[in-house]
Structures are given as structure tokens and as C-alpha cells.
Novice: 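Please read through the structure below; I'll follow up with questions.
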Amino acid sequence: MTRPEISAEFVEKYNTAGPRYTSYPTVPAWKQKFGETEYREALTELSGRPDDELAIYLHVPFCAKACHYCGCNMLVTREQGEVGRYLDRLEQEVERVTGLIGTGRRVVQLHWGGGTPNYLKNDEIERVLNMFGNAFDIAPDAEVSLEVDPRIASADQVGFLRESGFNRISLGVQDFEKSVQENIGRMQSREKTLAIYQACRDAGFPGVNLDLVYGLPGQTAESFRETLHGVIDLAPDRVACFSYAHVPWVRPNQEVIDTTIMAKGYDKFQLFRLTVDSFQERDYTWIGIDHFARKDDELSVALEKRALHRNFMGYATRPAPHMLAFGMSGIGDVCDRFVQNDATYDGWSQKVDAGDLPIVKGHRLSSDDKLRRRAILNIMCNLELPWELTRAAYGKPADELFADSLKALPPLIQDGLVTRDDFGLRITDKGRYFVRNVAMILDAYLGDPTDKPIFSKTV
Ligand code: SF4
């Protein structure tokens, strides 16, 4: 990949609000009347497709203390009894879903996100694994992954997780620099992070990921270079480097963030360029918008074969046609319906206690949604839109089906973000930094004037 010149004016031009496309249509576009009845219908339909494999997302909301920059649905509690009550309700939620789809369905991906999944004690983790093990048939080669906060982890806990069947672990790092950690209210010594990373390796985890965030208050090119090099020296299998999304109108906890010391616009973009340069110099593959993987990692191999996928959990190599979500705020994808559980702890709990499936919203995908989802996710993952991608399912090539949307393409071609030929669209080396902007031309839901400013900036 060549290193394109990108000016401050150019970044300014394309730094607009836009979705990250873990799904299409994105959550703010779900405006249909969709409740428990509709979700029950989806699950009943799923029961009629017994051979379809499943992915599962479990949300563990607990954290010991809130970080200022946090954008997750989480609950601060120091009362461990709360966890037991959450797991009791989780058990009811799982029973309610398996009551409709049957037990023993094959699961090929199981991911625990948060919050802080390792806030749970070993016996609680075991309880949840047994809960899923009894309700589903977890494939022997399933990816079983979780997010871990190194600050509260121990070598013993990591060893227990590996022995319990987890095979991929993501450690939250964000930034090694102390002053940045102070600014975001998350003190985490480098020694502790390195000790837990080493414990993951000693425990034999086949996949160890590290998570970073760029654009945090106080981050400078010098300080972030130091973090990047420190991380790359560890040789993790994958690194996700997320853009800090400052959205205090959605996340009031971010109001304490000092935005005057936060890199914005071109300066923030430079932090990301530094990230890309640092990983590419050390032979990592740039995956999608913000992931980096070792050349021998499954994600790199999938990208090479143009077989990368994206779902609500991020980039994936073994996609399942359906995803069940459990726990507060979980987002699922069942028989072409998206569903989201209540994102508040009390709301989710009350719905479960009332005997309901705890969902608050959903969206039944139309045939146009499915077509656009296919195209947008292909651009986000494999950086291209072959015209032939749609022929088998829709009988026509994509350039014909998207003729209207593609009228917005010429300026992007002129600016060197994308090329168009008989094969289809291809994202250029320059376009790699603006993939979301290219995908947005196919989004039929953008531009609704009643939308609140929900999305973060694309840069
Ligand atoms: S950033 Fe992570 S650890 Fe911090 S409050 Fe949010 S979910 Fe918890």
C-alpha cells in the first residue's frame, strides 16, 4: 500500500457525522413499531430453521468505577449480590428464548462484552458457561471470546478463563500515558497490563487482542507513538484502535472531558495515520476501518480471500446467519430482524421480572435493506463492491440496482477515494481512511431532518 498525501483541507471536507456500520440499517434508523410480538415471530421462524448456526452476544454491564470517556452501557456497582440477581434474570431470558427456538442449537461464536465481563467471579463465570452449555450446543471450534479489564484481572483468573474454554481475549489498554489516563479517569499501570498480557500468553490463549483509543484528551503524537510501539512490541494477534467518540448528548458522563486538550479534525486524523503507519511498518494488516492483525491471523487471511464479515460484535471470519443477544442493551439479528434489549438496567430487569422478552426496539429488514446491507458491509470489510455481488440473489448487477445512489459517486472518484470500472468499485489507498464516507452513499436512511446528531465524526 502506498502512503497517500492527505491535506488538512481534505480531512476537513470528509470529516462529517456518519455511522460505523456494524449493521445496516443502523440503530437510529429503526423507527418501526416493533415489540415483543415481532421478536417472538422471528424466534418462531428461527425454530423452523434448525440447521442454521447461531452467534451469541452476552452483555455483562458491571464496572467498579466509571471511566470519563466511556461510551458503553454499563452499571457501576460494588455490591456483588447484584451480579447474582443479574444472572438469575439472564437465566430466565435464556429459558424464554430457548422456549421458542428449542435447546441444543449449534453456536459457532460466543462473545462476552461489557461493561466488564471479568467483573464476575470464577463461580459466576462458570454458572453462565453452564447456562449456555445446557441451552445450546457450543461447537468444539467455536470462537469463545471476552473483553477483560486488566486492572481487576489476575493471572489466576486468566488461567481459569482459558481452562473454561475461552479462546480469544481482548484486553482494554486505551493508552499507556499516565497523564492521558488521568484525563479519562482510568488509571492502569503499564506493569499491570504487561503482567496480564503475559498471563494470557502463559495460559495458552490462541488469540490475544489489545484495544486502544485515539483522540483522547491530552494525547499527543509523541505520547501515542510511545503507546503504539509499546503495544506492537508485545506482538498481540490483533489490535483495535477505536476513535474516541465525544458524544456527551448521548453519554453525559463525557461532559467532564476537557475538550480543549483533545486532538480534533486534522490533528486527530494525524494520530490515526500514526497508528496505521506504526502497524504497517511492523507488518500488521490493516483490517476494515480500525483493526490491525498479524499476517497469520484469521482476519488477515479472510481479508486476503475477500471473505471478511462484520456484525454487531465487529469483524468476523466465521459468520453465523443469526445472532442472539442476552443481557441489558444487547443487540441481536434473527431471521432478518434486528432487535435491541432495554439498555437500562432497571428497564431490562423489570421486563424480565414481568415475564417478557426484554426488548425495546427492532427493525424488520426490507428487501432493499438487505440489498444495501450486503453492499455496505462488503465495502466496510473487503473494500470493494463487485457489480456481480448482487446478481445471484437479486438477478441484476449492483451498478444497475444502485444506479440512483451511485450518482453521488463522481466527486469521490475525482477526490481519489474510489475507482470504478467493469469489475465494480474499489477503495483506493487514500480511500482507506474514508471508507465510511464511501459506504454512506448507499445508505438510504441518512439525511432525515428529524434525526438528532447521533453519529460521531467519520475521522
Ligand atoms: S470504559 Fe469500560 S471499564 Fe470504563 S466504565 Fe466503560 S465499560 Fe467500564
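Positions are given from 1 along the sequence. When a ligand or atom number is given, it counts from 1 through the structure's own listing order.
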Novice: Which residue supplies the protein heavy atom nearest to atom 5 (S) of ligand 1, what is that atom called, and how far is it?
Specialist: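 That would be Cys67 N, 3.3 Å.
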
Novice: Could you tell me whether Arg151 approaches ligand 1 through its side chain, its backbone, both or neither, with non-hydrogen atoms closer than 4.0 Å?
Specialist: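 The answer is the side chain.
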
Novice: Looking only at protein heavy atoms, which one is nearest to atom 8 (Fe) of ligand 1, and what is the separation?
Specialist: Cys63 SG, 2.3 Å

Novice: Taking only heavy atoms of Met74 into account, list the atoms of ligand 1 that are under 4.0 Å away from them.
Specialist: 5 (S)

Novice: Could you check whether Glu143 and His111, counting side-chain N and O atoms only, form a donor-acceptor pair closer than 3.5 Å?
Specialist: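 Note: His111 and Glu143 side chains miss the donor-acceptor criterion.
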
Novice: Are Phe34 and Phe338 close enough that their ring centers fall under 6.0 Å?
Specialist: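 No; Phe338 has its ring centre 6.0 Å or more from that of Phe34.
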
Novice: Under 3.5 Å, is there a donor-acceptor pair linking the side chains of Glu298 and Thr317?
Specialist: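 Looking only at side-chain atoms, Thr317 and Glu298 do form a donor-acceptor pair, the distance falling under 3.5 Å.
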
Novice: For atom 1 (S) of ligand 1, what is the closest protein heavy atom, and at what distance to 0.1 Å?
Specialist: Tyr69 OH, 3.4 Å

Novice: Angle between ring planes, Tyr433 versus Phe269, binned at 30° and 60°: parallel, tilted or perpendicular?
Specialist: perpendicular

Novice: Are side-chain N/O atoms of Lys264 and Thr259 paired as donor and acceptor at under 3.5 Å?
Specialist: no

Novice: Side chain, backbone, both or neither: which applies to Arg186 and ligand 1 if a contact is any heavy-atom pair less than 4.0 Å apart?
Specialist: side chain

Novice: Is the distance from the ring center of Phe224 to that of Tyr214 below 6.0 Å?
Specialist: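 Aromatic pair excluded; centres sit 6.0 Å or further apart.
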
Novice: Is there an N/O/S atom in Cys70 at a distance below 2.8 Å from atom 8 (Fe) of ligand 1?
Specialist: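 Cys70 does not place any N, O or S atom closer than 2.8 Å to atom 8 (Fe) of ligand 1.
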
Novice: Quick check on contacts: which atoms of ligand 1 are under 4.0 angstrom from a heavy atom of Lys65?
Specialist: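 Here the atoms of ligand 1 in question are 5 (S).
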
